[in-house]
Amino acid sequence: MPELPEVEHVVRSLRRAVLSRTIVAAEVRLPKLVAPTSRAAFSRKIKGSRITAVSRRGKFILIELQNLSSAKSQVLVVHLRMTGRFMVLSLDDDLPKHAHAVFYLDDERRLVFNDQRQFGVMRLVAASRVSQTKGIEQLAPEPFSDDFTNDYLKQILNRSRRTLKTLLLDQTRVLGLGNIYASEALFRAGINPFVVAAELSSRRVPRLHQGIRDVLRAAISGNSSRRLNLESPEGFSYGEAFGKVWQVYDREGKPCYRCGTPIRRLTHGGRSTYWCPRCQRK
DNA sequence: ACCCTCACCTGCACGC
DNA sequence: TGCGTGCAGGTGAGGG
């Protein structure tokens, strides 16, 4: 589910909730979550580790662990995919239905990974190898870094015959957008989602660049204004609940906030694209 | 090298 | 009420 802003928010919440805690035991209940590592090996490696940092790269969550006995530093790399969630529960709380991993902390609490659709993945890697980890090594520059420039975006666009909407979902080209914010970024830029990337006129590239950064920034600050509380799992959801960031997504047939024209939706490749046919003419 | 389709899962909203 | 269909915030394998 989460796109970059939601992952960023999960990272900040994890820092508040579990930074400096030690994992006294780990229990994996869904083997494929940590495959090809066995559940036993995974638990053994993680047990007795202290959480020394929480960060992210794109949509990957990086939980840095210091092994107290061997002084070895490793990183728990987590991808939430569509429905993965972290929660912090007390020992008394019932586990939610899809709790696939439970980390017992040294303060009588449990960090729980819950994932209804079971797409999420977890991997332990040596700290020095995080950037070479499959999935991470090919990622595009962080959208707020100095490397994500208009020129970079222009080059990427020029090399592709795919539509803008499809290209924006490719994390190796543009990092951080998902199906919601790809539509939203294009709306903000006033650009039609079905334009072939290489055919976007040069003067529109900066607008797209701005649209991408603006929507991510707006979503991150919207999320931040309403804190994600890992301790009350029922108390939060991603997306619209966090602020009015969605201007076209899930608004088929409803009037465009800018011009009143009904928002349109098309599915291609099994994914919905939303746009305003007037504000985003070809 | 690129790009498309499908597969991975559960659950919900919808129409009949 | 039940059942079938389509859809859901993401990616990766496999094939053209």
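Proteins get letters first, then strands, A, B, ... in listed order; numbering begins at 1 in each.
- Panel note: side chain Asn67(A), backbone Ser49(A); no donor-acceptor pair is recorded below 3.5 Å.
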_Watson-Crick and G-U pairing of DNA chain C written in dot-bracket, each distance under 3.5 angstrom, with | for inter-strand partners_ = .|||||||.|||||||
Considering only nitrogen or oxygen atoms on both sides, find all protein atoms under 3.5 Å from nucleotides 11-15 of chain C and state each distance.
from, atom 1, to, atom 2, distance (Å)
dT11(C), OP1, His79(A), NE2, 2.9
dT11(C), OP2, Lys59(A), NZ, 2.9

Might you list the N or O atoms of the protein lying below 3.5 Å from N or O atoms in nucleotides 9-12 of chain B, with each pair's distance?
from, atom 1, to, atom 2, distance (Å)
dC9(B), OP1, Lys32(A), NZ, 3.2
dC9(B), O5', Lys32(A), NZ, 3.2
dC9(B), O2, Arg117(A), NE, 2.9
dC9(B), N3, Arg117(A), NH2, 3.4
dT10(B), O4', Gln116(A), O, 3.4
dT10(B), O2, Gln116(A), OE1, 3.2
dG11(B), OP1, Lys97(A), NZ, 2.8
dG11(B), OP1, His98(A), NE2, 3.1
dG11(B), O4', Gln116(A), OE1, 3.3

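- Between Phe119(A) and His79(A), the ring center distance fails the sub-6.0 Å criterion.
- Residue contacts for Gly270(A): at a heavy-atom cut-off of 4.0 Å it reaches the sugar-phosphate backbone alone, with no base atom in range.
- Residues Tyr104(A) and Glu27(A) have side chains that bring a donor and an acceptor to within less than 3.5 angstrom of each other.
- In summary, Arg12(A) and Glu8(A) engage in a salt bridge, as defined by a charged side-chain N under 4.0 Å from a carboxylate O.
- With hydrogens and angles ignored, the 3.5 Å screen pairs a side-chain donor or acceptor of Gln280(A) with a backbone N or O of Ile191(A).
- Nucleotides dA13(C) and dC9(B) are separated by 15 Å at their P atoms, to the nearest Å.
- A salt bridge does not link Asp151(A) with Lys154(A): none of the charged nitrogens is closer than 4.0 Å to a carboxylate oxygen.
- For the atom pair OH of Tyr274(A) and CG of Leu266(A), the computed distance is 11.0 Å after rounding to the nearest 0.5 Å.
- Regarding Gln138(A), its CD atom lies at a distance of 14 Å from the C1' atom of dC2(B), rounded to whole Å.
- Put simply, CD on Glu252(A) is 18 Å from P on dA13(B), counting in whole angstrom units.
- Residue pairs meeting the salt bridge (Lys or Arg N to Asp or Glu O under 4.0 Å) criterion with at least one partner in residues 156-167 of chain A, sequence neighbours excluded, are Arg161(A)-Glu199(A), Arg162(A)-Asp170(A).
- Here Ser272(A) reaches the OP1 or OP2 of dA8(C): one of its side-chain N or O atoms lies under 4.0 Å away.
- Side chain to side chain, Thr83(A) and Arg117(A) fail the donor-acceptor criterion of an N or O pair below 3.5 Å.
- Atom pair Asn179(A):CG and dA8(C):P shows a separation of 7 Å (rounding to whole Å applied).
- Between Leu266(A) atom CG and dG6(C) atom P the separation is 16 Å, expressed in whole Å.
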What side-chain donor-acceptor pairs closer than 3.5 Å can you find for residues 120-136 of chain A, not counting sequence neighbours?
from, atom 1, to, atom 2, distance (Å)
Thr133(A), OG1, Arg129(A), O, 3.1
Thr133(A), OG1, Val130(A), O, 3.0

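- Residue Val7(A) is grouped with residue Leu14(A) when hydrophobic side chains (ILVMFWY) are merged at heavy-atom distances under 4.5 angstrom, including chains of intermediate members.
- In this structure, the side chain of Glu142(A) engages the main chain of Gly58(A) through a donor-acceptor pair within 3.5 Å.
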Pairs: protein N or O with nucleotides 3-5 of chain B N or O, under 3.5 Å:
from, atom 1, to, atom 2, distance (Å)
dC3(B), OP1, Ser160(A), OG, 3.4
dC3(B), OP1, Arg161(A), N, 2.8

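- Remark: Arg251(A) fails to qualify as a cation-pi partner of Phe187(A) under the 6.0 Å distance and 45° angle criteria applied to the six-membered ring.
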